[in-house]
Amino acid sequence: MNKKFIVFIGVMIFVLAFSSSVSIAQNEMIKVALDGKAQTLDPAFLQRSISEWPIMNSIFSGLVKYKPGSYEVVGDLANDWELSDDNKTITFYLKENIQFHNGYGEVTAEDVKFSFERIIDPEKGSPEAESFSKLKEVKVVDHYTVQLILEEPMARLFTSTLPYNAGLIVSKKAVEEMGRETFASNPIGSGPYKFKSWGVNNNIKVSKFDGYFGQEAFIEEVEFIPMADQMSQELALRSGEVDFGQVSLENYESIKQNESLNTETYPDLAFQWIGFNVQKSPMDNPKLREALRYIIDPEEIIIGVFADQAELAYSWLLPDMLGYKKSPHKNLGDVDREYVLNLLEEAGYPNGEGLNLKYVTDANQERRTIATIVQAQLAEFNINVDIETMEIGPKIEAWHNGEYHITYARFGNTVDPGYNSQWFLTRQVGNWNLMHWSNEDYDRLWDKAEQTMDNQERAKLYQQMQDIVDKANIGVWVTHGVKTPTWNNNLEVTLTPDGGILSWLVKYK
Amino acid sequence: MLIYTVKRLLLIVPTLLAVLLLLFSLSYLLPGQPAEIILGPRASDQMIRDINEELGLDKPWYISFYLYLKQIISGDFGTSIFRDVSVLNAVLSVLPYTLILTLTGMAIAVIIGITIGLLAANYESTFWDGLLGIFSFVFASTPTYVAAVLILLFFSIRLNILPVMGAGDGGLIDGIHHLIGPALALSVGWTGYIARLTRSSMLETINEDYINTSRSFGLPKSFIYYRYALKKAVKPIVAVIGLGIGRLLGGALFVEVIFNRPGLGRLTVDAIFERDLPMVRGGVLIAAFLFIVANLLADLSYAYLDPRIRNK
Amino acid sequence: MNKTNYFKHKIIRNFKHMKSDFRFYIAAVIILLFFTTAIFGPWISPHDPYKTDVRNRLQSPSLNHLAGTDNIGRDTLSRMIYAARPALYVAFGGLFISIFIGIILGTTAAYSGGIIDNIIIFLFDVIRAFPPIVLILVLVAIVGPSLQSLIIILGITIMPRYGRVVRAETLSVKEEEYVAVAKSMGASPVKIIIFHIIPNIFASVLVLAGMDVASMIMWEAGLSFLGLGVQPPKTSWGVMLQEGYQFIENAPMMLIAPSLAIVLTMMGFSLLAESLRNALNPKSKNEES
């Protein structure tokens with residue numbers, strides 16, 4: 001009886017060991033870690049989230065796209081385009097015979113009209129409406145020709161709107177058939193991958209689309225796995241459980257030594273800063289703000305939170321962007337302590353005493369640590385800081401209402417300086433102008449720059465704007481952030497300039 | 001016995017109702033406008049209206065509660081706010097992971113715990129007894145999450161012999177490999193507890209009269225041990241197992257978070273952080289139900305073993 | 001028979017029992033250490049736990065920093081010492097609430113009888129029907145995470161045990177003759193509670209309390225670890241565990257230090273509870289109430 005039992009167990013183990021090797025052959029699938037769960041896969045209703053872009057990129061196509069690895073704009077669905085003399089009408093000539101996934105037919109001008117008009121329709125409440133702010137209407141000229149009619153020239157239409165999320169074309173037939181809600185989790189696009197499944201664990205699978213009009217993808221299937229925790233991504237990469245993801249800045253150096261992984265740092269396109277709410281007393285006092293700029297040292301944040309892997313930011317624009325101007329930091333080491341103490345005294349807080357500031361920020365680890373560092377720096381000058389951490393919803397509410405003295409934010413940038421500079425406009429006060437700061441000159445310059453098509457002229461305007469902001473002492477720029485795309489050594493990858501993955505260009509070595 | 005069972009079964013209904021009521025009132029008790037908090041200020045009016053309807057906030061609470069009950073009875077636990085899945089499907093798909101984890105953890109605790117306890121009782125009052133006793137006590141005082149992070153630190157990261165996360169998806173062997181660390185972590189506290197319980201229970205039984213009488217009749221020690229003493233000593237352990245399942249479900253939550261495994265605990269915690277109320281309700285309801293059932297089975301099995309109640 | 005005298009005798013006798021129990025001494029040492037750390041923390045800690053020194057972050061233990069530094073250069077040992085306070089607050093604050101509400105509800109149930117009694121028992125049963133972790137999570141989600149909310153929530157979660165004990169004891173004492181006598185002499189129910197009921201339940205409550213202090217410390221740390229308890233930058237052992245988890249590879253001391261603190265403190269209180277239990281009921285070593 002005993003012997004038989006042992007043999008039985010032996011056979012079972014043998015069988016089971018075998019069964020574990022019957023899985024998809026490695027050639028056919030890669031796993032990509034994303035920074036967050038996808039909320040929806042309908043481009044018109046995506047709430048400015050960054051996590052979904054690698055997926056959207058794979059499933060949808062736009063009229064134009066960024067050339068892989070750069071920010072140069074080239075045609076995608078469109079063969080060619082023409083601007084009218086007044087720059088208010090743009091005519092796109094679509095390539096012929098481009099198919100949507102799953103037999104939903106050809107991509108035509110009707111689909112373009114449908115995709116954009118649902119974004120600008122105020123009834124629909126699309127979060128991307130701002131991206132098409134100057135679009136009046138879309139006209140179908142013929143099957144493959146479509147015109148965008150603008151109210152005013154829009155410089156960033158080509159630099160940030162069309163090649164990005166808002167410019168993605170959806171299948172009109174599919175949306176109308178399925179209804180918006182179903183479409184959001186069963187998207188139909190014309191990209192190199194088609195949507196396959198959205199699991200209960202929020203993993204999204206896409207599979208190669210055989211009818212793609214361009215260069216077909218190399219890998220059969222891609223699974224996008226949300227891992228909000230940076231440590232999880234890193235651990236998963238190390239154990240081979242995912243093929244692409246980010247690693248923590250802390251461990252970047254040791255990952256570089258790892259034989260089975262490739263990793264590089266890429267400057268993130270975003271912009272992180274500490275903002276002062278100039279409408280809430282005593283932050284309305286410019287001397288106080290100037291003192292704060294000396295006291296707060298962003299270098300410590302970069303060391304403490306970004307493991308010294310990120311670069312200090314000297315403007316909200318990136319160094320190689322049009323119109324960039326470097327505004328130097330105010331370092332405590334450049335002046336002496338007396339100078340700062342004098343400023344504080346003039347502001348009404350001799351020796352910093354009696355000053356209580358409220359600091360509002362996100363409830364995640366990184367933001368809290370940043371807040372703690374700032375709090376400690378201000379404590380050196382006897383200034384008391386109350387940190388209030390909030391979830392995103394209430395935090396945005398607080399931002400709108402201006403119930404704080406100091407806050408921290410990260411805004412995503414695009415390639416277009418105008419888009420990136422809109423947050424300091426008067427009309428964004430109460431919305432996304434976190435400093436609640438208003439300056440007529442700034443507004444005027446911005447409007448002018450939006451319509452200036454000559455790059456040199458435009459650059460000058462932005463430089464002037466940066467000077468104005470610098471003098472106003474409304475915040476401390478911290479960093480643009482850094483990404484650490486890391487991938488399995490047996491893959492060859494192509495990345496966007498800010499370290500994002502272009503899934504259809506990934507192949508095995 | 002039958003009457004006892006029926007009585008206990010009947011009690012489940014009002015308890016579950018009370019649980020449901022508390023869960024339901026979540027949407028009313030949350031400070032602020034739930035829809036806006038959940039969706040953020042970018043939410044369009046339509047989305048807010050949809051959420052309010054889903055949460056039942058557009059009607060007076062007693063009507064909403066009644067409708068909610070009807071929904072539950074018909075098997076519809078609502079839909080997740082952020083994704084298009086039914087709560088029931090989401091919960092059922094992760095439930096097996098939690099159950100396997102919990103049962104494995106309990107099994108480990110029972111096997112190792114009883115073994116240690118028996119050994120300790122066998123070597124009573126010797127050095128080994130003392131040593132095992134200390135180990136048991138330390139284990140019993142170690143919270144699950146502490147055990148989990150320490151196991152993660154030593155076995156997964158330092159020694160690299162266990163995977164760091166997930167439940168594995170490459171078949172059975174891989175799955176078991178991913179189960180070892182989490183199940184061990186989960187079992188630590190209970191192992192210590194069962195070890196001590198076994199030891200004291202065995203010692204107490206050994207010293208009872210009728211055992212001594214059997215001894216005097218010349219039966220070998222081990223024979224007595226395993227046939228008579230163990231049977232009697234097992235009773236309190238069985239009672240404790242039922243209690244333990246409930247506690248292990250709680251510990252499983254931490255293990256799932258720390259080892260990044262899918263499971264009911266993880267699902268619920270994520271839902272709480274996201275304020276996905278329908279998911280929170282569904283997850284909590286199922287968890288409460290499991291807990292009640294586990295307790296019930298434990299009580300019933302204890303009653304069955306205790307002839308006094310059995311023959312009532 | 002004068003109950004108060006009997007009570008005094010009991011205490012003396014029990015204490016004698018405990019004096020000969022080696023566990024009591026170990027427990028006493030640990031608990032004393034805990035209280036000293038919590039109360040005198042600011043005086044005994046080697047550094048200011050809030051002072052950041054970013055350029056010296058994630059250091060291994062050294063003479064200057066016995067437990068190393070954390071991710072922004074704060075001294076881990078000092079933080080560990082300061083974090084004993086929240087543990088103290090939660091454990092005893094929560095316990096106080098549990099016992100207090102337990103006594104009120106228990107005696108009310110026993111005295112009122114009938115429907116009120118049934119309602120209160122039902123309330124107890126409902127609370128006990130939830131897996132504790134789930135009940136706590138749900139309540140935290142409603143009330144919002146903070147040290148104060150934890151104290152109240154934990155208090156409510158543990159309360160049923162005390163409520164039932166108090167109720168049972170009240171029921172039995174209520175009927176006894178001397179109580180009737182006391183009543184006829186004009187003693188109010190409150191006085192009866194204080195002088196007769198409490199001395200009787202004191203023993204069981206004490207044992208329960210010992211175990212529950214350990215539990216509460218465990219819960220606070222666990223919830224803070226998940227991010228649902230004490231909110232950083234305020235610190236607690238659970239918060240330190242969470243931070244250590246993030247930096248598990250670079251500075252394992254950040255994780256080990258609070259782990260040791262938690263386990264040691266829990267052991268201390270468990271030992272105390274056990275030696276109490278042995279002293280009070282030498283026979284029943286295995287019962288779980």
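Chain letters run A, B, ... following the sequence lines, proteins first and then strands; every chain starts at 1.
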Report which part of A:E234 has an atom under 4.5 Å of a heavy atom belonging to chain C: side chain, backbone, both, or neither. side chain
Which region of A:I387, side chain (C-beta onward) or backbone (N, CA, C, O), has a non-hydrogen atom less than 4.5 Å from a non-hydrogen atom of chain C, or is it both or neither? side chain
Closest heavy-atom pair and its distance - C:W237, C:A83: CD1-CB, 3.4 Å
What part of C:K51 lies closer than 4.5 angstrom to a heavy atom of chain A: side chain, backbone, both or neither? side chain
Sort A:A371 into side chain, backbone, both or neither according to what part of it lies under 4.5 angstrom from a heavy atom of chain C. neither
For A:Y359 and A:Y408, run ring-ring contact (aromatic ring centres under 6.0 Å, His included): C-alpha distance rounded to whole Å, both residues' side-chain angles, the deciding distance at 0.1 Å, then the answer. CA-CA 8 Å; A:Y359 182 124; A:Y408 189 93; 7.4 Å; no
Which atoms of A:Q377 come close to chain C, meaning under 4.5 Å heavy atom to heavy atom: side chain ones, backbone ones, both, or neither? neither
Are the side chains of C:I133 and C:W219 in touch, meaning some heavy atoms are under 4.5 Å apart? yes
Should C:R57 and A:E300 be marked as a salt bridge (charged side-chain N to carboxylate O under 4.0 Å, His left out) after you check the CA-CA gap, both sets of side-chain angles, and the distance that decides it? CA-CA 11 Å; C:R57 63 198 293 256; A:E300 284 202 349; over 6 Å; no
Could you list the donor-acceptor pairs under 3.5 angstrom formed between side-chain atoms of residues 255-264 of chain C and any protein atom two or more places apart in sequence or on another chain?
residue : atom : partner : partner atom : Å
C:S259  : OG   : C:L255  : O            : 2.7

Counting only non-hydrogen atoms closer than 4.5 Å, does A:Q365 touch chain C with its backbone (N, CA, C, O), its side chain (CB onward), both, or neither? side chain
Taking side chain as everything from C-beta outward and backbone as N, CA, C, O, which of these in C:Y245 sits under 4.5 Å from a heavy atom of chain A? Side chain, backbone, both or neither. both
Which heavy atom in A:A310 sits nearest to a heavy atom in A:I302, and how many Å separate them? O-CG2, 3.4 Å
Does any backbone or side-chain atom of C:N71 lie under 4.5 Å from a heavy atom of chain A? Answer side chain, backbone, both or neither. both
Give the C-alpha distance, both sets of side-chain angles, the deciding distance and a yes or no for ring-ring contact (aromatic ring centres under 6.0 Å, His included) between C:Y89 and C:F96. CA-CA 10 Å; C:Y89 289 151; C:F96 178 72; over 10 Å; no
Which one of C:I248, C:T52, C:I72 has the most heavy-atom pairs closer than 4.5 Å to chain A? C:I72
